[in-house]
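Computed from a prediction, not measured in an experiment: that's the story for all the values here.
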Amino acid sequence: IDVREDVLEVARKYGATDVINMTTQKGKELLDSLSEKGADIDIEAAGASATVEMIPKLVKKEGKVVCVGAFWGIGGIPIWPIVMKALNIIGVGGNGGKAKYEIALNFVERGLIDPTQMVTQRLPFLEAVEAFEIARAKANGTIKVVVSA
């Protein structure tokens, strides 16, 4: 689920089958149909109030919720639906715990994951400030910005 078609296209390239653009009426209808079934797993990576509030609605009973997004002052996840659905909530932050970055790098090294489809811009180290500004703005199709020496 996103509001940017370029991000959804990358998700499709990685194998996502149900992608929803929330800016369209069709997207809202798809979200409603998915919420009726409920997802096995919901990975919340946006850290936005609107996406956090969707969590209990989108996950089926006894489903899993992985919270990756940065939840700085945006309220909370409603507790009552979590209890009623017996949801499992997993928080992932920093290194993700138990060497998640190392595991991900190993997947890349073995060719199991190709992260290059997410890289939309590359800038030299001397332009790092600009790279961070580009990444923050997320304009013009920006997904991930790589800074290199």
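Using a 4.0 Å cut-off between charged side-chain N and carboxylate O, Asp40 and Lys64 make no salt bridge. In summary, Glu133 and Arg136 do not engage in a salt bridge, as defined by a charged side-chain N under 4.0 Å from a carboxylate O. Taking a cutoff of 4.0 Å between a charged side-chain nitrogen and a carboxylate oxygen, Arg4 and Asp6 qualify as a salt bridge.
Ile134 approaches Val145 most closely through the heavy-atom pair CG2-CG2, 3.9 Å. Between Ala11 and Val19 the shortest heavy-atom distance is CB-CG1, 4.1 Å. Nearest approach of Pro115 to Ile113, heavy atoms of both residues: CD-O, 3.4 Å. Looking at every heavy atom in both residues, Glu62 comes nearest to Asn88 through O-ND2, 3.8 Å. In terms of heavy atoms, Asn21 sits closest to Glu5 at ND2-OE1, 3.1 Å. Smallest separation of non-hydrogen atoms from Val147 and Phe125: CG1-CA, 3.6 Å.
Put simply, Leu123 and Val119 are part of two different groups of oily side chains (I, L, V, M, F, W, Y) that touch within less than 4.5 Å, one to the next. Under a hydrophobic-cluster definition in which Ile, Leu, Val, Met, Phe, Trp and Tyr are linked whenever side-chain heavy atoms come within less than 4.5 Å, directly or via other members, Ile41 and Ile90 are assigned to the same cluster. Linking Ile, Leu, Val, Met, Phe, Trp and Tyr residues whenever their side-chain heavy atoms come within less than 4.5 Å leaves Val129 and Leu126 in two separate clusters. Hydrophobic cluster membership is shared by Ile1 and Val3, with clusters built from Ile, Leu, Val, Met, Phe, Trp and Tyr side chains linked at under 4.5 angstrom.
For the pair Lys85 (side chain) and Val59 (backbone), a donor-acceptor distance under 3.5 Å is present.
Atom CD1 of Ile43 has 12 or fewer heavy atoms from other residues, nucleotides or ligands within 6.0 Å. When the shell of 6.0 Å around CZ of Phe132 is examined, it contains 12 or fewer heavy atoms from other residues, nucleotides or ligands.
With rounding to the nearest 0.5 Å, the separation of NZ in Lys13 from CE in Met118 is 12.0 Å. Atom CG of Asp42 is separated from atom CG of Leu87 by 9.5 Å, given to the nearest 0.5 angstrom. Residue Ile20 holds its CD1 atom at 7.5 Å from CG of Leu58, rounded to the nearest 0.5 Å. Lys138 NZ to Lys144 NZ: the interatomic distance, rounded to the nearest 0.5 Å, is 7.0 Å.
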Kindly indicate, with the supporting measurements, whether the criterion salt bridge (charged side-chain N to carboxylate O under 4.0 Å, His left out) is fulfilled by Arg12 and Glu9.
-> CA-CA 5 Å; Arg12 286 182 193 96; Glu9 186 55 38; 3.2 Å; yes
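Taking 4.5 Å as the limit, every side-chain heavy atom of Val65 sits out of range of all side-chain heavy atoms of Ile82.
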